[in-house]
Structure formats: C-alpha cells, structure tokens
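Note sheet for the following structure.
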Amino acid sequence: MKDLHIYNTLKRKKQKFEPINTPHVGMYVCGPTVYGDGHLGHARAAITFDVVFRYLKFLGYKVRYVSNITDVGHLENDADSGEDKIQKKAQLEQLEPMEVVQFYTNRYHENMRNLNVLRPSIEPHASGHIPEQIELVEKIMKNGYAYQSNGSVYFDVLKYNNEHNYGVLSGRKVEDLYETTRELDGQKEKRNSFDFALWKKADKKHLMHWKSQWSEGYPGWHLECSAMGQKYLGEKFDIHGGGLDLQFPHHESEIAQSVAAYGQEPVKYWMHNNLITINGQKMSKSLNNFITLFDLFSGNSDLLEKNYSPMTVRFFILQAHYRSPLDFSNEALKASEKGYLRLMKAAETLQKLTPAKKSTIKVAEIISKATDAINDDFNTPIFISVLFDAVKIINSVNDGKETLNAADLKKLQEFFSSYTHDVLGLLPLEKSAETDSDLTNDLIKTILEVRLNAKNNKDFTTSDLIRDKLLELGVLVKDKKDGFDWEIKKS
RNA sequence: GGUGACUUGGCCGAGCGGUUAGGCACUGGUCUGCAAAACCAGCUACGGCGGUUCGAAUCCGCCAGUCACCUCCA
C-alpha cells in the first residue's frame, strides 16, 4: 500500500487516510483515570497511538494530539455502588483528592517516559474543564436531547434515536438495550434505563463537586471527551482512539452528545486497540488480574518470573497487531526480549558495516515491503518481520557473505534509524556507564590484544583464562576472523 | 438473552482465494584451538464436519470451544 490506510471502527473497514484539513491532523485518545497505577493494558493503548502519532508526524502531517487525564472520578459499580473512585481512594489514603490525582499522574508520566511514549500536544484534565462541560450540557438541553431530573441531567437516548442512530459505532440497537441494563444509582430518575448522565447531583459525602444551575454536582463520564475534543480539535476532527472496551457505551455516547450539540458526528476515523489478556481473560482493574508497569519493570509480582525492560514490553506489544488480542505470558515476554536484543545488536552492527563495490541485496525491495506493512493499518508485526529479514542481511554482510554498496548501505542505515527509532519508538540498547567510558573501552581492548597475542602463540591456557575472567566481570568476548569484538552483558 | 470477535506448528504471533510471514525454543551443520557470537538448514500448522471453487488457513453453512461489550475499565 502506497498510502496510509486505517481501519475505521465506524465503517468496519479499512479506509484511505485523508485528513479533513491537510496537512493538519487532529487526534484524540482517551487517557487514563488517575486513581491507580497504569498496567500493561494502558501501555498497549498508549503505545498503539504513540505509533500512530509518530507515523503521522513522520509522514509530514502537523498533528495535534490530545489525550485527556480523567481526574474527576466517575461512578464505580461494585458493592460500594455510587462511590466516586478518586474520592474513595482519597478517603482510604487520607489525602486530598487532587493529591491522589497528582501522585498517579506523575507515576503515569514516569511509565510513559520509560516506554518512550511521546507526550501528547495537549493533555487536558477533566477537572480543569468543568465550565466547558456545563456549556455542552446546556447546548444539548437547549436542542432538546436532555432532561433534568432531581438535580441531575440525563441524555434522552430514545428521542435521539428517533432522529439519529444511537448505535452507529457499536452496532447496537436501542430495542435490545431495554432488558440488558442493570440497576444503577439514579435509575429511577431516568426516563429509560439506558439514558446516561450528563450532569450528576453529588450526595453529601461526595468530595469532588462543582456548582451548576442544576445542582452541586459533577459531569457525566462521557462528557469530558466530547467537551475537550471539541475545544481543542473542533467540532469535527480526524482520529479518535481508545481501548476496545470504550467503544460502548463511552464512544457511542460521545457521538450522540456531539451530534445532539453540534449537529454533526465528531470524528472521521475511529480507532480501537484490542485488549491484553492474561490466561485468556482480559487484564483489568475490576478483575484484579493486572500487572502494573512498575511491577513489570522491576519483576515484583507473583505473575512474573523476572523483570522486563520497558523496551522489551514495547517490542512485545508491537509484535502483535493492535486490533488483535494479545496474551500475556512470561514465555512470550522472554521471546520478545531476545528478539529485541537481536534486532538492536543488528542495528549497531549496521552502523559499523563497510560498503563494497556492488550490492548483492535488493535494499529498495525490503524498504518498500516494510512501508507497505505500516501503511496497511499500522501492521507493526509484519513490519518487524521485515526488519528481521534485514537483520539476516546485516549479519551476512558483517560475515562477508553478502555485500552492500555505499548507496544501499546508507539507505538501509537511514531506514533502520528512522523507522526503528522514530516511528516504532524503539530505543537502542542501553549503554551502561562503563561502556561509555573511553578508559574502560581502551582497557578491554588492550587486554583483548594481549589475549590475541597469546592466541597467536597458541597459548590457549592464557587466552582462555583472560576470556573466562572477563566473562566473570560481565564482558562477553566474541572472536572474529580478523580480531575480536565484545559486549558488556546486562545482569 | 442481545451484539461482536476469536480458535494457526513446542510457545508467541502474521495471514483477508494460489508464494517459506517473523520471533523464541529445539535439532543438525558452517565458522572456531575450544567456545561464544553470527550464518545456513531442518521441524511446515491452520478446532471438527460438510459445501462453493481448478484451487481454501483464507468464502458459505452447521457443530464444539474461548473471549469481549451490554456496569467503571486501555
């Protein structure tokens, strides 16, 4: 594929990506609710759309990427029905709600930095956009799609559905929703069970609330994305992303709110990433089977056999297509770790290759195969498989079995660094402090020259002793035809 | 109950009617004084039963199993 194609959930097919106002692209992605640490599932969403963001920029688009921080807290439906998540956590930890919010926001950012996820252009907080949300509720009411009941405001789904389609995104039919909605707080105030809150009156114990003409309360949970998306990206923008589990009712309701307020659907391309499963079940906070990113990086969990570096995790996620479910297992992570190391070592080798007179490899073919893959709805697993084809070539050239001319070598080097680093966001292997030190490098080199000398004199006792001693120190010696190479092993 | 998705070799994971995806593991070989690294080769699968087709992992039907959404969730 020459042009970028994106699978649009709204149309249920891949479509050529054509921005509404080229070269500008507006993209909105539902961000985390900051009442706890992020887990592998959050990483998948963040990395999926990070690659989208990176690739669009790489293609030359001017992208405004907005991703919200949900800090208002919304209804939680377990035994403590009606409690606000952030409020609950605040009481538990005896903190100010905003202190909880700040704490977990900081930790989320730390995780994202480790995963090499670029910060969005704008990262708006729901709590900082209460007036905008109130204004949106007013608009929807004025247009007749909402009603007030006991201090709360609800969206009139039935009325909306008569004129539009509540279900365009998720394929649901309102008739089918009658029997399937369970008893929720405030159910009796609604005309229909599937009506959703735009504004909710806060009870006395509720810590987070704001003044409005209807009541002292807080905004409904679909509202912030509609309000902030519209504020920063306009009434209609290009891409809206999020996890598959947000498709209904969250995104469906967002569409309804925007149509009710502005008379048009807010988004051209809807993208949904699939979920991470563990033992075949989705990883989620409510099922309590999640592994936080901090645990993953430190290895501190009964589910983990060891720790995995952020880049291993990133690579693991990119090895599956974003619309497929991805099952977590230690075996899979370990396989990704090895693969990532091999890929990055080849990237290092590539920089050291010397050009030959002519090429025995068709570099352009490889590059076009790879770009086709990423243009085909961000097919990173295929893309990576092509990278591994290139790894074979790089190693063969390094072994003198294949050759690349100067132009091809340069092409391949540029391709590797731009796509691997800029688009996929994979960082090169971390250099420990030692490797960066010239003195250490020179010392190792000197020692290995001594060893080479011993080897040439067939003094293998000495040469093996040096090799073993260096290995004990964490330096892995790799003999080559005409000398040696080494790497500092990570523990 | 309604809606949608999935079932691929030891493991992970692509595939969208006809070419070996790829990674990891394993086995054999090349290289090496021996190793390591690297390279080469092998292991060649598509839940079951039918159907369409010259040809199906890929389309259709039935059966079995798994999952997701319908409640906050990435």
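Only a predicted model underlies this, so the values are computations on that prediction, with no experimental measurement involved. What you see below is based on every heavy atom in this structure, not just the backbone, and it leaves out hydrogens, waters and symmetry mates. In what follows, chains are A, B, ... by sequence order, proteins preceding strands, each numbered from 1.
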**Request:** Answer yes or no: side-chain N or O of A:Thr277 and base N or O of B:C67 forming a donor-acceptor pair under 3.5 Å.
**Result:** no
**Distance, rounded to the nearest Å, where A:Lys478 contributes NZ and B:C34 contributes C1'** = 18 Å
**Item:** Donor-acceptor pair present, A:Lys282 side chain and B:C73 base, under 3.5 Å
**Value:** yes
**Request:** Would you please name every residue forming a side-chain contact (heavy atoms from CB on, under 4.5 Å) with A:Lys362, sequence neighbours left out?
**Result:** A:Glu365
**Request:** Rounded to the nearest angstrom, tell me the gap between atom CG in A:Asp71 and atom P in B:C73.
**Result:** 14 Å
**Asked** Salt bridge or not for A:Lys14 and A:Asp377, using N-O below 4.0 Å?
**Response** no
**Request:** Specify the separation, in whole Å, of atom NE2 of A:His250 and atom P of B:A68.
**Result:** 20 Å
**Message:** So, using side-chain contact (heavy atoms from CB on, under 4.5 Å) as the criterion, who are the partners of A:Lys338 when residues are at least two apart?
**Reply:** none
**Prompt:** Is any side-chain N of the basic residue among A:Glu252 and A:Arg172 closer than 4.0 Å to the acidic one's carboxylate O?
**Reply:** no
**Asked** A:Val423 and side chain to side chain contact (heavy atoms under 4.5 Å, CB included): which partner among A:Phe378, A:Phe383, A:Tyr55?
**Response** A:Tyr55
**Separation of atom NZ in A:Lys455 from atom P in B:C34, rounded to whole Å** = 10 Å
**Message:** Is it the case that the base of B:A35 and the side chain of A:Asp479 share a donor-acceptor contact (distance under 3.5 Å, atom types as modelled)?
**Reply:** yes
**Message:** So, under a plain 3.5 Å distance rule, would you say the side chain of A:Arg467 forms a donor-acceptor pair with the base of B:A35?
**Reply:** yes
**Request:** Can you check each nucleotide of nucleotides 16-23 of chain B against protein heavy atoms at under 4.0 Å and return B for base, S for sugar-phosphate only, - for none, in 5' to 3' order?
**Result:** B----BSB
